[in-house]
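Below is one structure, written out as structure tokens, with a few remarks after it.
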Amino acid sequence: MPWPDLRTFLAYLEEQGDLLRIREAVSWEYEIVALTRQTSDLQGPALLCERVVGSAFPVLSGLFAARRRVAQALEVPEERLYDLYREREERPITPVLVDSGPCQEVVLHGADIDLYALPILLHYERDGGRYITAGMQVVRDPVSGQRNVSIHRMLLLDRNHLSVYAPPGRHTRAVIERNLDAGRPTEIATVIGSEPALQIATQARVPLGVDEYAIAGGLRGAPLELVRCQTLDLEVPATAELVIEGRTLPGASCADGPFGEYPGTYSAVKQAPVLEVTAITWRRGAIYQNALTGMPMTENHWMMQPAATAMVWREAYKLCPEVRAVHVTPGGAARHHVVVSIKKRHDAEARNLALALLAAPLGAKQVIVVDHDIDVFDPLQVEWACNVRVQPDRDVIIVPNLYSPTLDPSAPAERTSAKMAIDATAPLGRLEEFAPARIPNFERYDLRRYLAPERAAGRSGR
Ligand SMILES: Cc1cc2nc3c(=O)[nH]c(=O)nc-3n(C[C@H](O)[C@H](O)[C@H](O)COP(=O)(O)O)c2cc1C
Ligand SMILES: [Mn+2]
């Protein structure tokens, strides 16, 4: 049975000892973010901060700070997360509309709207202000009539205004621009705190026109239930914790940034659209959710990784049916660096594949192709392959000026980067010459027979 709402998922995590309630009062200024950083580094529990100074709302932060919780969100074993994510992403289930839902138990309009009542967090030292980071923006594309749901950070501007950070290339941005061309505002419903599959589905790398609500249905194996917004022609999950309804102000923009972003560095100050809030609705006892980003790995990265991996896999499979595994690595911020293993069938295959993946829509900056005997998830093995199977003048290809993600601070120009392909495969048919030296009958011998019992059981014994 899929999780019906966020609260049931949290109750399950608590039962597993994977949700930590913090009952002392904590601050929205850096404190919750610092604690979330620490639990992320420990792969520790999600944090539910029950009392936040200056706000009546509790804060959930670090829900996906450990990968196991992404797997639990989809109710799949962690070791099968990437494969099952990919399969289910390809089988969307259309959401259903229901008459009412708890997400509108409380409704505020007009002068009652006050964003300062929300515990919007201050994250990093040089940030331009307080940012909503786990808001899922729902918009409708004026061309296809289809919905789009994705996550974009929002800067708190005043009681009823927010920025929307959606750079060129994002579907939300495309919708805002299409409306702007016709001189129209864009209606945006921002959902904070939903059942967990939708939060992962927002990261799906599917074309504009594919509704991420349907992707969420596929991931959870059952349709989402939606209700109509109070002031917009949009729909939101019936059991959402909190919804901010609003419209962009055509022609208005504001400075957005800096913000400590997913590469681990700050994003620069850019102009962003301004959203005027038309209503705030919530479920009684609403939980405000925050998501940490910054130096990998954070929940931002764990949430992006399944969809990024699925996209690379699909692109790789088009060229190479013998792709064995894909890793969009942590050091590359779960987006910029890719390692792929293949069973090579012709000598140019690895180079061909690496170059194709550099040009593919993910925008990866570095692609390493290894043989099937290398575990792409083990950085030692990957580096070892780059050591003994690579001659840089022959096997490293550098291509200038390709499309790239926006937030790489080393980029020479917006959305532009030089890229590097590394063919770390052995020459075709000669893998044995490039294999690790092996000991005959290795499995027959067992050191554990001679070790003290606690060492044999794998403990350090120190
Ligand atoms: C926690 C979190 C925060 C994110 N913040 C932003 C953001 O501020 N701006 C942005 O463009 N993408 C952000 N992303 C990535 C987008 O949500 C993601 O690429 C999404 O797939 C884009 O949707 P689209 O394909 O419909 O454009 C964030 C992702 C996560 C998980
Ligand atoms: Mn989309």
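Atoms within a ligand are numbered from 1 in the order they appear, just like the ligands themselves. Just so you know, these numbers use all the heavy atoms, side chains as well, and skip hydrogens, waters and symmetry mates.
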Find, among atoms of His171 that are N, O or S, the one nearest to the Mn ion (ligand 2), and state its name. ND1
Hey, is there an N, O or S on Asn148 sitting under 2.8 Å from the Mn ion (ligand 2)? yes
Are any of the heavy atoms in Thr293 under 4.0 Å away from ligand 1? no
Measure the distance from atom 30 (C) of ligand 1 to every protein heavy atom, then report the residue, atom name and distance (to 0.1 Å) of the closest one. Asn300 ND2, 3.1 Å
For ligand 1, find out whether one of its N or O atoms is nearer than 3.5 Å to an N or O atom of Arg153. yes
Crowding at CG, Asp158 (>12 non-hydrogen neighbours, <6.0 Å): yes
Indicate whether any N or O donor in one side chain lies under 3.5 Å from an N or O acceptor in the other, for Glu245 and Thr231. yes
Pair Glu177-Arg170, salt bridge (charged side-chain N to carboxylate O under 4.0 Å, His left out): steps then yes or no: CA-CA 11 Å; Glu177 283 172 348; Arg170 295 295 196 219; over 6 Å; no
With a heavy-atom distance limit of 4.0 Å, tell me whether His171 approaches ligand 1 through its side chain, its backbone, both, or neither. both
Can you list the atoms of ligand 1 that are under 4.0 Å from a heavy atom of Thr133? 1 (C), 3 (C)
Within a distance under 4.0 Å of any heavy atom of Asn148, pick out the atoms of ligand 1 and give their elements. 26 (O)
Look at atom 18 (C) of ligand 1 and say which protein heavy atom is nearest, naming residue and atom and giving the distance to 0.1 Å. Gln203 OE1, 3.2 Å
Looking at Phe259 versus Tyr266, is the centre-to-centre ring distance below 6.0 Å? no
For ligand 1, which is the ligand I care about here, please tell me if Glu299 has any N or O atom under 3.5 Å from one of the ligand's N or O atoms. no
Give the single entry among Gln199, Arg170, Met304 that approaches atom 19 (O) of ligand 1 most closely by any heavy atom. Arg170
Against Lys419, only a single residue in Leu355, Asn401, Leu358 fulfils side chain to side chain contact (heavy atoms under 4.5 Å, CB included); can you say which? Leu358
Can you tell which part of Ile151 has a heavy atom less than 4.0 Å from ligand 1: side chain, backbone, both or neither? both
Can you tell me which portion of Leu208 lies within the under-4.0 Å heavy-atom range of ligand 1? Options are side chain, backbone, both, or neither. neither
Which atoms of ligand 1 are found less than 4.0 Å from any heavy atom of Ala291? 1 (C)
Going by the atom numbers of ligand 1, which of them fall below 4.0 Å from some non-hydrogen atom of Tyr165? 7 (C), 8 (O), 9 (N), 10 (C), 11 (O)
Donor-acceptor side-chain pairing of His123 and Asn290 below 3.5 angstrom: yes
Which label fits Trp282 and Phe57: parallel for a plane angle under 30°, tilted from 30 to 60°, or perpendicular past 60°? perpendicular
Just checking Phe377 against His327, ring centres under 6.0 Å apart? yes
Heavy-atom side-chain proximity of Glu187 to Asp233 below 4.5 angstrom: yes
Answer with side chain, backbone, both or neither: which part of Thr202 has a heavy atom less than 4.0 angstrom from an atom of ligand 1? backbone
Which atoms from ligand 1 have a heavy atom of Pro167 less than 4.0 Å away? 11 (O)
Going by the atom numbers of ligand 1, which of them fall below 4.0 Å from some non-hydrogen atom of Glu212? 26 (O)
Pair Arg51-Glu24, salt bridge (charged side-chain N to carboxylate O under 4.0 Å, His left out): steps then yes or no: CA-CA 6 Å; Arg51 289 176 51 214; Glu24 291 95 294; over 6 Å; no
Heavy atoms from other residues, nucleotides or ligands near CZ of Arg184 exceed 12 (cutoff 6.0 Å): yes
Are His336 and Tyr262 close enough that their ring centers fall under 6.0 Å? yes
Between the Mn ion (ligand 2) and Glu212, which N, O or S atom of the residue is the nearest one? OE2
